[in-house]
Asks: 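Sharing a structure, written as structure tokens. Questions coming.
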Amino acid sequence: MSVSDLPPAEELDRALRDASPAEVIAAALKTVGHDGLAVVSSFGTESAALLKLAADVDPAIPVIFLDTGWLFEETLAYRDTLIATLGLKDVRSIKPAEEALSREDPDRDLWFSDPDACCRIRKVEPLARALKPFAAWINGRKRFQGSARADIRVVEADGARLKFNPFANVSREEIEAIFVRAKLPRHPLVTSGFRSVGCMPCTSRTAEDEDERAGRWRGQAKTECGIHTSKIS
Ligand code: SF4
């Protein structure tokens, strides 16, 4: 399915802006069909909520997980726990290209010298490759996360495909309610004070009175890895 076969993102956004997250996921599936849709998940602290709703709609929707080579062991274990708990049938762990790693990050210190380049070779480029077969993707960003996420729409155009944000206008309390209702397991690092978990070198604990993403790239102007701020072609 090419982008010209898809309904305009603005039209879908108007139709879905007050829909529930489950309705948004179901609409995404109806719009592009089973072969055209993927969920992208970090298997982070809130990921189980979106994965649970997606699995309820169809556990065979492909889930793309970017295994950057810098993830916590706890995140990899949590991925496996959620696969088993939710019955996810098609989780694809995507690694960076070896050739890019040896050319641009042979000493594994690019995260320090140029984090944008590190995110490009470990996240943005692998995601672009993984999304090639799909006409639309779903992710778990919320407006309450603030910063660059404060104004996200429920449906956006993203280069060659559509991007659905089923949690765009849900509250933190609604996410928590999904966890409680479905008895979802928590990310193992939550109890150690991590409220948002990414790569090891770029993640730190956050205090209760801080923004939940304050521990990501702490002390730097960077707040996003780039998969949501650059068009994925
Ligand atoms: S979050 Fe940090 S370690 Fe992970 S890809 Fe980006 S810069 Fe590299």
Side-chain angles (χ1 to χ4, degrees), residues 38-48 50-51 62-82 91-132 137-142 144-150 152 158-159 163 165 167 186-190 192-207 210-233:
V39 175
V40 175
S41 178
S42 65
F43 289 80
T45 55
E46 291 175 335
S47 298
L50 179 64
L51 293 170
V63 177
I64 293 170
F65 168 64
L66 300 173
D67 182 354
T68 63
W70 271 120
L71 296 179
F72 291 89
E73 283 299 320
E74 288 87 343
T75 298
L76 300 175
Y78 190 51
R79 169 199 58 190
D80 297 342
T81 299
L82 289 181
V91 173
R92 305 177 185 187
S93 294
I94 307 295
K95 295 186 186 279
E98 284 300 333
E99 185 271 333
L101 292 179
S102 52
R103 187 184 64 240
E104 297 196 48
D105 194 12
D107 300 322
R108 284 177 63 83
D109 57 2
L110 195 58
W111 65 269
F112 182 73
S113 60
D114 189 346
D116 286 338
C118 186
C119 281
R120 175 175 49 74
I121 62 170
R122 293 178 183 274
K123 293 188 177 184
V124 178
E125 290 173 359
L127 179 63
R129 280 195 300 279
L131 281 178
K132 277 267 183 289
W137 58 298
I138 293 178
N139 70 97
R141 288 173 305 154
K142 306 108 191 155
F144 72 70
Q145 291 173 311
S147 204
R149 304 185 174 194
I152 54 172
D158 182 40
K163 181 153 76 166
N165 308 309
F167 283 162
R186 306 282 175 171
H187 191 293
L189 291 175
V190 168
S192 321
F194 291 90
R195 289 161 59 214
S196 175
V197 176
C199 293
M200 273 186 285
C202 306
T203 301
S204 58
R205 292 177 173 81
T206 38
E210 283 186 309
D211 182 280
E212 69 183 28
R213 284 176 60 84
R216 307 287 291 277
W217 303 284
R218 188 179 284 283
Q220 301 180 38
K222 184 174 172 67
T223 59
E224 295 281 346
C225 66
I227 66 169
H228 296 296
T229 49
S230 46
K231 296 286 175 213
I232 303 294
S233 54

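It should be emphasised that the depicted structure is a prediction, and the values quoted were computed from it without experimental measurement. Just follow the structure's listing: the first ligand is 1, and inside any ligand the first atom is 1. We're numbering straight along the sequence, starting at 1. Values below: all heavy atoms of this structure, side chains included; hydrogens, waters and symmetry mates excluded.
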Asks: With 2.8 Å as the threshold, which protein atoms of type N, O or S lie near atom 8 (Fe) of ligand 1? Leave waters out.
Replies: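 Checking every protein N, O and S atom gives Cys118 SG.
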Asks: Scan side-chain atoms only and decide if Ser93 and Arg79 contain a donor-acceptor pair under the 3.5 Å cut-off.
Replies: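 There is such a pair between these side chains.
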Asks: How are the rings of Phe43 and Phe65 set relative to one another: parallel (under 30°), tilted (30 to 60°) or perpendicular (over 60°)?
Replies: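 Geometry flag for Phe65 against Phe43: perpendicular rings.
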Asks: With sequence neighbours left out, write down each residue that passes salt bridge (charged side-chain N to carboxylate O under 4.0 Å, His left out) with Glu104, or none if nothing qualifies.
Replies: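 Glu104 satisfies salt bridge (charged side-chain N to carboxylate O under 4.0 Å, His left out) with Arg120 once adjacent residues are dropped.
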Asks: For residues 196-206, which residue pairs qualify under side chain to side chain donor-acceptor pair (under 3.5 Å), counting only residues two or more places apart or in two chains?
Replies: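 Listed once each, the pairs are Ser196-Arg216, Ser204-Arg218.
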Asks: Once salt bridge (charged side-chain N to carboxylate O under 4.0 Å, His left out) is applied, do any residues pair with Arg149, and if so which ones, sequence neighbours excluded?
Replies: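 Arg149 satisfies salt bridge (charged side-chain N to carboxylate O under 4.0 Å, His left out) with Glu224 once adjacent residues are dropped.
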Asks: Run the salt-bridge test on Glu125 and Arg129 with the 4.0 Å N-O cut-off and return the result as yes or no.
Replies: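 The answer is no: the pair does not qualify as a salt bridge.
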